[in-house]
Amino acid sequence: QVELVESGGGSVQAGGSLRLSCAASRNTINTACMGWFRQAPGTEREGVAAISPGGGKTFYADSVKGRFTISRDKVKTTLYLQMNSLNAEDTAMYYCAAAWRSDDRYCDPNRADYYFYGQGTQVTVSS
């Protein structure tokens, strides 16, 4: 059982910032590819950002590059997503996810599926 617990969502005006957190086990934070996904009503879930177990590789969707930053704190066993310059198109339910890969290239959500997800945290950006 892989437990992922998101927090930090909320409502913010366009141009504002939020930081999402995802609490995970020590084993997960140390060994898994971890990522953030989002899904707005009527749309498919999309990968927003991901990070390799050692933190040496990060991946971002084109729509968030330069605005969002993914990071992990192995002491706090927490994954973060810092979101800046938010706009209405960022409104969605955000999910933390984990997957185990033998090759860090496949931490990229565009290259391989993630199988474990948290319950999600809602982000609403008003224009």
Side-chain angles (χ1 to χ4, degrees):
Q1 185 76 9
V2 177
E3 186 174 18
L4 303 167
V5 181
E6 302 96 332
S7 61
S11 297
V12 64
Q13 289 192 329
S17 298
L18 282 174
R19 188 177 77 161
L20 305 183
S21 299
C22 173
S25 71
R26 189 167 303 279
N27 178 65
T28 299
I29 205 74
N30 283 334
T31 66
C33 299
M34 298 193 75
W36 288 97
F37 291 70
R38 68 185 180 187
Q39 187 169 22
T43 69
E44 292 187 357
R45 184 171 57 199
E46 67 167 333
V48 174
I51 188 167
S52 61
K57 292 187 186 298
T58 55
F59 308 89
Y60 294 96
D62 288 343
S63 58
V64 307
K65 280 180 182 176
R67 300 188 300 122
F68 290 12
T69 303
I70 189 171
S71 63
R72 65 170 79 198
D73 186 325
K74 294 190 174 183
V75 174
K76 295 182 178 180
T77 68
T78 301
L79 179 74
Y80 299 103
L81 185 68
Q82 178 66 44
M83 306 186 295
N84 299 327
S85 301
L86 287 161
N87 57 58
E89 288 69 38
D90 296 316
T91 295
M93 184 72 80
Y94 283 72
Y95 299 91
C96 175
W100 278 262
R101 307 273 184 253
S102 58
D103 186 330
D104 286 353
R105 289 175 297 175
Y106 294 96
C107 294
D108 184 347
N110 291 318
R111 301 189 69 168
D113 292 334
Y114 279 63
Y115 298 106
F116 300 99
Y117 290 85
Q119 82 288 351
T121 185
Q122 178 68 37
V123 172
T124 303
V125 184
S126 57
S127 56

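Looking at every heavy atom in both residues, K76 comes nearest to D73 through N-OD1, 3.0 Å. Summarising the geometry of R45 relative to Q39, their closest heavy-atom pair is N-NE2, 3.7 Å, with the distance given to 0.1 Å. Considering all non-hydrogen atoms of both residues, N30 and P53 come closest at O-CB, 3.9 Å. Across T91 and Q122, no two heavy atoms sit closer than the pair CG2-NE2, 4.1 Å. Closest heavy-atom contact between A40 and A92: N-CB, 3.9 Å. Minimum heavy-atom separation, L79 to M34: CD2-CB, 3.9 Å.
The line from OG of S71 to CZ of R19 is 7.5 Å long, rounded to the nearest 0.5 Å. Put simply, OG on S17 and CZ on R67 are 10.0 Å apart, with the number rounded to the nearest 0.5 Å. Distance check: Y114 OH to Y106 OH gives 13.0 Å after rounding to the nearest 0.5 Å. A distance of 11.0 Å separates CG of L81 from OG1 of T121, quoted to the nearest 0.5 Å. Atom OG of residue S126 and atom CD of residue Q13 lie 5.0 Å apart, to the nearest 0.5 angstrom. Taking CG of D90 as the start and CZ of R38 as the end, the distance is 5.0 Å to the nearest 0.5 Å.
A donor-acceptor pair under 3.5 Å is absent between the side-chain atoms of Q82 and the main chain of T69, judged by distance alone. In terms of modelled atom types and a separation under 3.5 Å, the side chain of T77 and the main chain of S25 share no donor-acceptor contact.
Side-chain heavy atoms closer than 4.5 Å link hydrophobic residues (I, L, V, M, F, W, Y) into clusters, and following such links, possibly through other members, connects I70 to I29. By the criterion of side-chain heavy atoms lying less than 4.5 angstrom apart, applied directly or through intervening Ile, Leu, Val, Met, Phe, Trp or Tyr residues, F116 is not grouped with Y80; the two fall into different hydrophobic clusters. Residues I51 and V75 fall into different hydrophobic clusters, defined by Ile, Leu, Val, Met, Phe, Trp and Tyr side chains chained together at heavy-atom separations under 4.5 Å. Cluster membership check: V64 shares its hydrophobic cluster with W36, using side-chain heavy-atom separations under 4.5 Å among Ile, Leu, Val, Met, Phe, Trp and Tyr.
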Derivation and outcome, side chain to side chain contact (heavy atoms under 4.5 Å, CB included), residues L86 and F68: CA-CA 9 Å; L86 287 161; F68 290 12; 3.8 Å; yes
Intermediate values then yes/no, side chain to side chain contact (heavy atoms under 4.5 Å, CB included), M83 and L20: CA-CA 8 Å; M83 306 186 295; L20 305 183; 3.7 Å; yes
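Using a cut-off of 4.0 Å between Lys/Arg side-chain N and Asp/Glu carboxylate O, K57 and D108 are scored as not salt-bridged.
Judged by a 6.0 Å distance limit and a 45° cone about the ring axis, R111 is not positioned over the six-membered ring of F59.
A ring pair (Phe, Tyr, Trp, His ring centres under 6.0 Å) with F37 is found for exactly one of Y94, Y117, Y95, namely Y117.
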